[in-house]
Amino acid sequence: MTAIATRPETGQRGTTAPPARRRDSERLFNRVALGTLIALALLWLVPLAWALATSVRPAQEVVTNPTGWFTAHPTLDAYREIFDAGKLPYWYANSFITSILTTVLTVIMASLAAFALSQTRFRMRRAAFVMLLAGIMIPGQVLMIPQFLALQSAGLLNTYWGVVLPQVPNVVAVFVFKQFFDGIPRELIDAARADGAGWLRTYWQIVMPISRPAVSAVTIFVFVGVWNNFLWPLLVVTDPEMMTLPVGLTSVQDVFGVPYAQLMASAVLGAIPLLAVFALFQRRIVEGIAGTGLK
């Protein structure tokens, strides 16, 4: 009787213990993940906060105590000097124009290439995709001299197109679009083709409207990359009024020497548009990464 009475109790404990342990492990994992996330956020925010604090300190205080955080006499002299010494409105306009043009052309060209590789059938299709991915292994710096010579012969130096065109080919963007297009049901494409839609109409009216997560992800990543690009605009632009923001702020720093207040003010001015982009499109970024399978 005792053995018979205790067996259900033991079995009951055996069935309820694993879920309890699983809940404890999930709770522990969530706490560790949250702590790691907070630590990484602080590591990213602390330098930005220090740059902002340094940019509003008087120059004399920065010289005597470069690592200080607080000041009793905050000032905007560093920002005022940057505006007076440089052509900041031109640099902001140039960065916006080149970033938007590059982003639009990259989205169009990369999505067209990915659509062809994903939804059409032609010989050597797999080989073409492998060769395209092999381009990731070629450093961009290797191509800069041939590209510079080609643009020089075409008379595109110190122009928007000279900055934009070499940045349009983007293998990663093609890969992201192809991964998303591969998940579109083939029946949808076949139905559009059966109704008489051509490949271009199928791409524009069927595929692209349902590919907003991929478009959002590529748009944001390309825009941020072009905005932060320093080496290529430095190479092809010498006119101060055609410089992008990173190149122009560097020229201002050269004028000032190494004054940390102006240096930090330049960093803050360059980061403000990107922070605004991430703040406005944070939801789109998460949806794009989740929808495209990008890790």
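As the structure is a computational prediction, the values presented were derived from the model and not from experiment. The first residue in the sequence is number 1, and the count goes up from there.
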Quiz item: Which value, rounded to the nearest 0.5 Å, describes the distance between Tyr160 atom OH and Leu101 atom CG?
Solution: 9.0 Å
Quiz item: Taking Arg186 for the side chain and Gln119 for the main chain, is one N or O donor matched with an acceptor at less than 3.5 Å?
Solution: yes
Quiz item: Quick one: CG on Asp195 to CD1 on Ile206, what's the gap to the nearest 0.5 Å?
Solution: 8.5 Å
Practice problem: Return the minimal non-hydrogen interatomic distance between Asn94 and Glu241, and the atom names on each side. | Solution: ND2-O, 2.8 Å
Quiz prompt | Nearest-0.5 Å distance that lies between atom CG in Leu117 and atom CZ in Arg126 | solution = 11.0 Å
Self-check item: Any donor-acceptor pair under 3.5 Å from Ser99 side chain to Phe96 backbone
Solution: no
Self-check item: Heavy-atom pair with the smallest gap, counting every atom of Val207 and Phe115
Solution: CG2-CE1, 3.5 Å
Quiz item: Counting N and O atoms only, with roles assigned by atom type, does the side chain of Ser211 sit under 3.5 Å from a partner on the main chain of Ala214, one being a donor and the other an acceptor?
Solution: no
Quiz prompt | Whether over 12 other heavy atoms sit under 6.0 Å from Met109 CE | solution = no
Quiz prompt | Shortest non-hydrogen separation from Pro169 to Leu165 and the atoms involved | solution = CD-O, 3.4 Å
Self-check item: Minimum-distance pair of heavy atoms, taken over all atoms of Thr106 and Ala173
Solution: CG2-CB, 4.1 Å
Quiz item: Where is the tightest heavy-atom contact between Phe230 and Pro233, given as atom of each residue plus distance?
Solution: O-CD, 3.6 Å
Exercise. Check for a donor-acceptor pair, side chain of Thr159 on one end and backbone N or O of Leu156 on the other, with a separation under 3.5 Å.
Key: yes
Quiz prompt | Between CG on residue Leu245 and CE on residue Met243, distance to nearest 0.5 Å | solution = 12.0 Å
Self-check item: Intermediate values then yes/no, side chain to side chain contact (heavy atoms under 4.5 Å, CB included), Asn30 and Leu34
Solution: CA-CA 6 Å; Asn30 291 336; Leu34 180 60; over 6 Å; no
Quiz item: Any donor and acceptor pair, going by atom type alone, linking the side chain of Ser153 with main-chain N or O of Ala150 inside 3.5 Å?
Solution: yes
Practice problem: Let me see the working for Thr102 and Val163 under side chain to side chain contact (heavy atoms under 4.5 Å, CB included), right down to the final yes or no. | Solution: CA-CA 9 Å; Thr102 305; Val163 179; over 6 Å; no
Exercise. Evaluate the ring planes of Trp227 and Tyr92, with Trp represented by its six-membered ring, and classify them as parallel (under 30°), tilted (30 to 60°) or perpendicular (over 60°).
Key: tilted
Exercise. Would you confirm whether Thr75, through its side chain, and Arg57, through its main-chain N or O, come within 3.5 Å as a donor-acceptor pair?
Key: no
Exercise. Using modelled atom types only, decide if a donor and an acceptor are shared between the side chain of Thr98 and the backbone of Ser95 within a distance under 3.5 Å.
Key: yes
Self-check item: From Thr244 atom OG1 to Asn228 atom CG, the distance as rounded to the nearest 0.5 Å
Solution: 10.0 Å
Practice problem: Kindly check if the number of other-residue, nucleotide or ligand heavy atoms within 6.0 Å of CH2 (Trp199) is above 12? | Solution: yes
Exercise. Flag yes if more than 12 heavy atoms outside Leu43 fall under 6.0 Å of its CG atom; otherwise flag no.
Key: yes
Quiz item: Between the side chain of Asn158 and the main-chain N/O of Met242, is any donor-acceptor distance below 3.5 Å?
Solution: no
Exercise. Taking Asn170 for its side chain and Val172 for its backbone only, find out whether a donor-acceptor pair lies under 3.5 Å.
Key: yes
Quiz prompt | Rounded distance [0.5 Å steps], CG in Asp190 versus CZ in Arg193 | solution = 9.0 Å
Practice problem: Over all heavy atoms of both residues, which pair between Pro139 and Met137 is shortest? Give the atoms and the distance, please. | Solution: CD-O, 3.3 Å
Quiz item: Under the 3.5 angstrom rule, does the side chain of Asn229 hit a backbone N or O of Gly225 as a donor-acceptor pair?
Solution: no
Quiz item: Do Phe177 and Phe181 pass the side chain to side chain contact (heavy atoms under 4.5 Å, CB included) test, and can you show the C-alpha distance, the side-chain angles, and the key distance before you say yes or no?
Solution: CA-CA 6 Å; Phe177 274 119; Phe181 292 162; 3.9 Å; yes
Exercise. Could you walk me through whether Ile189 and Tyr203 pass side chain to side chain contact (heavy atoms under 4.5 Å, CB included), step by step?
Key: CA-CA 9 Å; Ile189 307 298; Tyr203 156 82; over 6 Å; no
Self-check item: Met144 vs Leu231 side-chain heavy atoms within contact, under 4.5 Å
Solution: yes
